[in-house]
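Here the structure comes first, spelled out in structure tokens, and everything after it is commentary.
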Amino acid sequence: MQARFEPIADAVVVGGGPAGLMAAIYLARFRRSVVLVDAGQSRIEKIPRSHNYPGFVEGIPGAQVRDMLRAQLRSYPVRIVETFVERAERTPQGFRLATQEGPIAGRRMLLATGVTDIPPAMPHVRAALEAGVLRYCPVCDAYEVVGKAVGVYANGPAGVAEAIYLRHFSADITLFMAQGGPGLAAEERSRLAEAGIRWNDAPVDAIRRNGERVELMHAGTRTLCDTLYCALGLTVHSQIGVALGASVDDTGYVQVDAHHATSVPGLYAAGDVSTGLNQIAVATGGAAIAASAIHRELGPDWLAPSST
Ligand SMILES: Cc1cc2nc3c(=O)[nH]c(=O)nc-3n(C[C@H](O)[C@H](O)[C@H](O)COP(=O)(O)OP(=O)(O)OC[C@H]3O[C@@H](n4cnc5c(N)ncnc54)[C@H](O)[C@@H]3O)c2cc1C
């Protein structure tokens, strides 16, 4: 139940990565009251240097993009709450969120909660990402591995698709299998062979960094790669949307329409948590579309006594 005098914002944005920050900036500039709730685990912080974010000729570290968007948001009267949203429920006015900082209510809600990559079992994952010996996203950085010895580490068919994708960038690709995976089907082996991709049937026993390279141990053999793409998959943070009844696809991505509306009235989703390419430009673009749709849906407020 909503408390009698509990304030209600026009919009609550859950997630403070590029999607959530961009949406909050748009909504604030539309003169909407906004609360942004963020648990502070944005994927963007793991990007050592992005070379496909618009406007930066030499590329830019992900943390710097996040800092600039945060600074831009702070110039508007947006309430920022640094906490985790545990649950959300529908109310007659919109949505009510349960957090450790108390309840937060909004007439509309945008989910920008992102995804988390499943890491490989190896020491010092963060440092390996920083050095570019470990990578998660060929769309982001395959250009940086052109002509290099590239490994792909996977536990299922996604690894075959990722290895074939990367073959466009290097002729030296090896697919490594994680422990407990299903193994390669005959059809997958022939696709790999056709593309000139090597594979190891013996599952990997250990992965570790070796200087500026990565070393994989499998059945007593050691293989060195310049870089290893981990294709173990990801966890989509769509639980809040699912609990509210939003439709998701087989991977768990929240399904949205062209305006980034979900199947739940008043609930929108943008960025990695929603269907589409997991990229900063897509996250900020989707956030702009969602924020504009939310503003339109909230309607004009010039009849309100305080409006000027
Ligand atoms: C190693 C690496 C390299 C990459 N390189 C590039 C690149 O070069 N170019 C590019 O375009 N993209 C790149 N990406 C992808 C890019 O980081 C993501 O597409 C982008 O960060 C998605 O933004 P987002 O706002 O949707 O999600 P995120 O940035 O992940 O932000 C989601 C936020 O929501 C918060 N959150 C989640 N659940 C809750 C909750 N219940 N309550 C409160 N807060 C919550 C999280 O803590 C987090 O702060 C890379 C990713 C990785 C991991």
Side-chain angles (χ1 to χ4, degrees), residues 12-25 35-56 59-66 69-70 73 80-88 97-101 104 109-120 125-145 227-244 252-254 256 260 268-288 290:
V12 178
V13 176
V14 186
L21 291 165
M22 186 87 276
I25 290 167
V35 184
L36 179 123
V37 195
D38 182 35
Q41 298 290 319
S42 171
R43 233 180 146 213
I44 200 170
E45 293 167 18
K46 296 185 181 143
I47 308 177
R49 182 169 287 269
S50 171
H51 292 275
N52 62 5
Y53 185 69
F56 292 89
I60 181 164
Q64 209 175 318
V65 175
R66 177 210 56 201
L69 285 170
R70 280 185 182 169
L73 179 63
I80 301 169
V81 185
E82 291 177 0
T83 192
F84 186 79
V85 174
E86 287 151 7
R87 299 181 304 283
L97 282 52
T99 80
Q100 286 189 348
E101 302 297 317
I104 295 168
M109 176 156 77
L110 174 75
L111 270 189
T113 41
V115 303
T116 302
D117 305 272
I118 297 170
V125 165
R126 190 66 187 260
L129 282 171
E130 187 64 33
V133 296
L134 174 67
R135 297 176 187 270
Y136 286 133
C137 171
V139 173
C140 305
D141 48 28
Y143 189 85
E144 274 63 54
V145 304
T227 197
L228 180 70
Y229 276 91
C230 179
L232 294 180
L234 38 78
T235 307
V236 185
H237 301 301
S238 52
Q239 303 90 325
I240 296 171
V242 170
L244 289 168
Y253 288 114
V254 178
V256 293
H260 282 260
Y268 290 74
D272 285 3
V273 73
S274 62
T275 42
L277 200 60
N278 291 353
Q279 291 285 281
I280 309 167
V282 177
T284 52

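For the numbers below, each heavy atom of this structure counts, side chains included, while hydrogens, waters and symmetry mates do not. Indexing begins at 1, ligand by ligand and atom by atom, following the structure's order.
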Quiz item: For V14, is the nearest heavy atom under 4.0 Å from an atom of ligand 1?
Solution: yes
Quiz item: Heavy atoms, side chains only, cut-off 4.5 Å: are N278 and C137 in contact?
Solution: no
Quiz item: Is the count of non-hydrogen atoms from other residues, nucleotides or ligands lying under 6.0 Å from E86 atom CD greater than 12?
Solution: yes
Practice problem: Work out whether the distance between some heavy atom of G40 and some atom of ligand 1 is less than 4.0 Å. | Solution: yes
Quiz item: Which heavy atom of A287 sits nearest a heavy atom of M22, and at what distance?
Solution: CB-CB, 3.9 Å
Quiz item: A23 and L110: which non-hydrogen atoms are nearest, and at how many Å?
Solution: CB-CD2, 3.2 Å
Quiz item: Hey, what do you get for CG (L36) to CD1 (I104), rounding to the nearest 0.5 Å?
Solution: 9.5 Å
Quiz item: Using a distance-only test with no angle check, is there a side-chain donor-acceptor pair under 3.5 angstrom linking R135 and T227?
Solution: yes
Quiz item: Can you list the atoms of ligand 1 that are under 4.0 Å from a heavy atom of G16?
Solution: 33 (C), 34 (O)
Quiz item: Going by the order shown, which atoms of ligand 1 are within less than 4.0 Å of some heavy atom of I240?
Solution: 41 (N)
Exercise. Would you mind running through ligand 1 and noting each atom that sits below 4.0 Å from a heavy atom of K46?
Key: 1 (C)
Quiz item: Could an N or O of ligand 1 be found under 3.5 Å from any N or O of L129, whether backbone or side chain?
Solution: no
Quiz prompt | Pairwise side-chain contact, I280 with I47, heavy-atom cut-off 4.5 Å (strictly under) | solution = yes
Quiz item: Closest heavy-atom contact between V256 and S274?
Solution: CG1-CB, 4.1 Å
Quiz item: Of all the atoms in ligand 1, which lie at a distance below 4.0 Å from a heavy atom belonging to G17?
Solution: 25 (O), 29 (O), 31 (O), 33 (C)
Quiz item: How far apart are the closest heavy atoms of L244 and A88, and which atoms are they?
Solution: CD2-O, 3.5 Å
Self-check item: Enclosure of E144 CD (heavy-atom neighbours >12, cutoff 6.0 Å)
Solution: yes
Self-check item: Proximity winner for atom 34 (O) of ligand 1, if only heavy atoms of P18, A88, G15 are counted
Solution: G15
Quiz item: Which atoms from ligand 1 have a heavy atom of N278 less than 4.0 Å away?
Solution: 15 (C), 19 (O)
Quiz item: Which residue supplies the protein heavy atom nearest to atom 37 (C) of ligand 1, what is that atom called, and how far is it?
Solution: T113 O, 3.2 Å
Quiz prompt | Close-contact set for ligand 1 against G271 heavy atoms, below 4.0 Å | solution = 26 (O)
Quiz prompt | Contact check: H237 vs ligand 1, nitrogen or oxygen atoms, below 3.5 angstrom | solution = no
Quiz item: With atoms numbered from 1 as shown, which atoms in ligand 1 lie under 4.0 angstrom from a non-hydrogen atom of D117?
Solution: 53 (C)
Self-check item: Shortest protein heavy-atom distance from atom 18 (C) of ligand 1, along with the residue and atom involved
Solution: D272 OD2, 3.2 Å
Quiz item: Do P119 and D117 have side chains that get closer than 4.5 Å, going by heavy atoms?
Solution: no
Self-check item: side-chain contact (heavy atoms from CB on, under 4.5 Å) evaluation trace for V145 with Y229
Solution: CA-CA 10 Å; V145 304; Y229 276 91; 4.0 Å; yes
Quiz item: At what distance is the nearest protein heavy atom to atom 3 (C) of ligand 1, and which residue and atom is it?
Solution: I47 CG1, 3.6 Å
Exercise. Calculate, to the nearest 0.5 Å, the distance between atoms CZ and CG belonging to R70 and L21 respectively.
Key: 7.0 Å
Quiz item: What distance do R66 atom CZ and R43 atom CZ have between them, rounded to the nearest 0.5 Å?
Solution: 15.5 Å
Quiz item: Can you check whether V254 reaches T113 side chain to side chain, under 4.5 Å on heavy atoms?
Solution: no
Self-check item: atom 13 (C) of ligand 1 [closest protein heavy-atom partner, distance rounded to 0.1 Å]
Solution: C140 SG, 3.2 Å
Practice problem: Quick one: look up the protein heavy atom nearest atom 32 (C) of ligand 1 and list residue, atom name and how far away it is. | Solution: A112 O, 3.4 Å
Quiz item: Among all protein non-hydrogen atoms, which one is nearest to atom 25 (O) of ligand 1, and what is the separation to 0.1 Å?
Solution: A19 N, 3.0 Å
Practice problem: If you have a sec, work out which protein heavy atom is nearest atom 49 (O) of ligand 1 and how many Å separate them, to one decimal? | Solution: D38 OD1, 2.7 Å
Quiz prompt | Close N or O approach (A283, ligand 1; < 3.5 Å) | solution = no
Quiz item: Mind checking whether T83 has a heavy atom under 4.0 Å from ligand 1?
Solution: yes
Exercise. Check ligand 1 against N52 and write out every atom of the ligand that is under 4.0 Å from a heavy-atom position of the residue.
Key: 7 (C), 8 (O), 9 (N), 10 (C), 11 (O)
Quiz item: If you measure from atom 40 (C) of ligand 1 to every heavy atom of Y53, Y136, F84, which option wins on shortest distance?
Solution: F84
Quiz item: Of the listed options (R43, R49, E82), which comes nearest to atom 15 (C) of ligand 1 when hydrogens are ignored and any heavy atom counts?
Solution: R43
Practice problem: Write out the residue and atom name of the closest protein heavy atom to atom 8 (O) of ligand 1, then the distance separating them to 0.1 Å. | Solution: S50 OG, 3.1 Å
